[in-house]
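See structure below.
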Amino acid sequence: IDATPTTITAKGATTFNEDGSTTLDDHVIVSQPGRILQADQATIYRDAVSGQIKRIQLSGHIKVIQPGTIAIGSYADLYPQTHQISIKNTLFHFTLHDHAKNFWGIADSAHEDAQQNKVFTSATISMCPPNNPTWKIQAKKVTINHEKDRAYIHQAVLKIKSVPIFYSPFLSFSLNNNRKTGFLTPSFSQSTQNGTSMAQPFYWNIAPNYDDLITPVWMNNRGLQINNQFRYLTALNVGTIETSFIPNDQEFASFKETTINSADASYSDYTNALQSMSASHGFIHWGNVFKINENWSSQLDINYSSDPYYYSDFNTDSDLAWSRQLNNSINLIYSSPHWEVTGLTQAYETIHLIYNDSNISNQYERLPEIDANATYPYFFRNLSFTLDSQFVNFDYRSDYAPYTYEEPIGQRLSFTPALTREFSAPQGFFTPKLILHSRLYNTQLATTSSSTTRPTQNTDSNIPTFDIHSALY
């Protein structure tokens with residue numbers, strides 16, 4: 001909307017009033033660059049000195065159309081010189097950011113300035129289709145600020161369908177994907193274990209590449225829990241560090257005392273472990289991807305729970321079996337046009353729970369695993385070479401059945417080189433392939449007690465295979 005003169009037309013009569021105003025009737029159309037208004041009647045008020053139009057008062061079946069916005073109402077005031085408009089009893093729809101965000105709503109009044117900043121009073125607004133919105137916000141005042149690209153809502157009531165869910169005296173959110181420091185929506189819950197819970201997350205936008213989400217949770221049966229999620233992004237790596245901690249878990253302290261006093265001797269492994277567990281407990285996760293250069297990279301996945309019961313009580317993983325195995329691994333990867341070499345160490349923290357430990361056993365650790373794979377296509381005429389090789393040291397440790405000494409451990413070396421020769425012609429192709437499958441095992445076998453020396457067993461195998469892939473056209 002610019003300063004180009006406003007054009008006004010009407011199908012009906014024009015009346016010149018005693019106060020100097022002019023009234024137009026019947027299908028009035030007011031046009032400005034970027035805006036068209038329709039109404040049943042318009043009254044034009046001019047400045048007594050300059051004679052310029054200072055206000056146009058419209059009434060009856062108001063319709064406002066401009067890029068990204070359409071509104072209807074019963075009454076409107078247009079100020080051509082300042083390009084502002086106010087509408088009473090309005091139903092509106094507007095879009096932002098190339099229609100990426102759609103807003104629908106109604107309001108007792110709406111006002112828009114020359115920068116298309118909007119203010120709605122006694123408004124209901126939603127981003128859902130208007131015929132049956134899933135959610136909507138009722139507010140005393142809604143401000144859409146295009147200059148700051150933010151929305152401000154006063155005395156807001158969030159409704160799901162027609163049910164009030166949440167009230168806030170003030171809300172502010174971004175109209176784009178930019179982040180802002182501030183409190184997020186609190187949540188409430190009720191459970192047998194935790195009692196009544198209330199969480200109040202706080203988002204800290206530290207920098208464009210760093211942020212932190214701090215969520216204190218008060219649980220009636222446990223006390224205060226502090227959760228934190230820190231995210232970072234640099235030129236070399238990206239990662240997340242998550243922590244969760246309860247300083248003095250009253251529910252766990254009660255469970256610990258009751259279980260130790262009531263469990264029979266068959267659960268001694270679990271009660272002995274419980275004796276050393278503290279009521280101040282928590283969990284930490286660190287995930288990181290490190291890009292050293294175009295050839296070297298590394299990945300880190302660390303998960304640690306101070307005791308199995310903390311992780312079990314607060315984990316939400318639906319895959320029960322694997323949610324009881326906390327992965328801890330770090331690898332180093334070298335990649336080039338012909339070689340890919342990976343060094344890996346991996347172990348698991350297994351979640352053993354008294355009275356709920358069937359089919360849960362510790363996993364083998366790979367300390368370490370080294371994979372080296374090579375590909376040299378057509379390195380000599382039509383001859384190609386590939387190599388798949390791996391060395392793994394398998395270790396097993398457990399304070400629960402099956403115990404450490406009851407499972408074998410050892411090393412495995414596999415070596416699989418292959419040569420391929422391609423013959424091709426318009427009539428078809430013939431590709432023979434020679435492969436050697438070489439395996440070496442060094443095994444320390446299981447025993448019947450921890451004091452018994454493990455017997456060793458070494459085996460190896462070398463199996464050549466010949467493969468032919470061919471076709472005629």
Side-chain angles (χ1 to χ4, degrees), residues 1-47 50-133 136 139 141-146 151:
I1 301 168
D2 58 27
T4 304
T6 301
T7 301
I8 308 171
T9 62
K11 289 185 176 180
T14 300
T15 304
F16 298 94
N17 305 311
E18 292 182 0
D19 61 0
S21 63
T22 305
T23 301
L24 290 78
D25 288 293
D26 191 8
H27 197 69
V28 178
I29 298 178
V30 181
S31 299
Q32 293 178 295
R35 179 188 284 162
I36 295 176
L37 294 89
Q38 297 178 2
D40 293 339
Q41 185 182 80
T43 300
I44 304 169
Y45 296 89
R46 297 180 180 271
D47 186 272
S50 65
Q52 291 184 334
I53 298 174
K54 64 178 182 180
R55 180 166 69 99
I56 302 175
Q57 185 182 84
L58 301 107
S59 59
H61 300 95
I62 306 296
K63 181 183 289 186
V64 181
I65 303 171
Q66 59 191 49
T69 300
I70 184 169
I72 60 175
S74 60
Y75 179 91
D77 280 316
L78 175 66
Y79 301 88
Q81 301 304 314
T82 59
H83 309 291
Q84 299 183 57
I85 184 172
S86 297
I87 311 173
K88 300 290 185 182
N89 305 318
T90 180
L91 170 68
F92 58 86
H93 171 227
F94 64 90
T95 63
L96 299 173
H97 302 295
D98 296 325
H99 307 286
K101 296 182 184 294
N102 278 268
F103 291 88
W104 303 81
I106 58 175
D108 285 355
S109 66
H111 180 80
E112 182 180 87
D113 63 20
Q115 288 73 41
Q116 295 190 339
N117 299 316
K118 300 172 175 64
V119 177
F120 304 96
T121 57
S122 299
T124 300
I125 191 168
S126 177
M127 294 179 67
C128 299
N131 55 338
N132 187 24
K136 56 189 175 184
K141 181 180 178 182
V142 177
T143 302
I144 306 296
N145 191 311
H146 287 268

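- For the residue pair A39 and S59, the shortest heavy atom distance occurs at CB-O, 3.9 Å.
- Here the side chains of I53 and I8 are in contact, with some heavy-atom distance below 4.5 Å.
- Judged purely by distance below 3.5 Å, without hydrogens or angles, the side chains of N145 and T143 never pair a donor atom with an acceptor atom.
- Scored by the side chain to side chain contact (heavy atoms under 4.5 Å, CB included) test, T14 finds F16, T22, L24 as partners (sequence neighbours excluded).
- The salt bridge (charged side-chain N to carboxylate O under 4.0 Å, His left out) contacts involving residues 6-16 comprise nothing, where partners must be two or more places apart or lie in separate chains.
- The closest donor-acceptor contact from the side chain of N117 to the backbone of H146 lies under 3.5 Å.
- Of the possible donor and acceptor atoms, one in the side chain of D113 sits under 3.5 Å from a partner among the backbone N and O of Q116.
- Between the OG atom in S126 and the CG atom in N102 there is a gap of 10.5 Å [rounded to 0.5 Å].
- Interatomic distance, E112 CD to F92 CZ, rounded to the nearest 0.5 Å: 11.5 Å.
- The two atoms that bring P133 and N131 nearest to each other are CD-C, 3.9 Å, heavy atoms only.
- D19 contributes a side-chain N or O that, together with a main-chain N or O of S21, makes up a donor-acceptor pair within less than 3.5 Å.
- Of the candidates D47, D77, T82, D77 is the only one forming a side chain to side chain donor-acceptor pair (under 3.5 Å) with R55.
- Side-chain contact check for K101 versus M127: some heavy-atom pair is nearer than 4.5 Å.
- H61 and Q38 share no side-chain donor-acceptor pair at under 3.5 Å.
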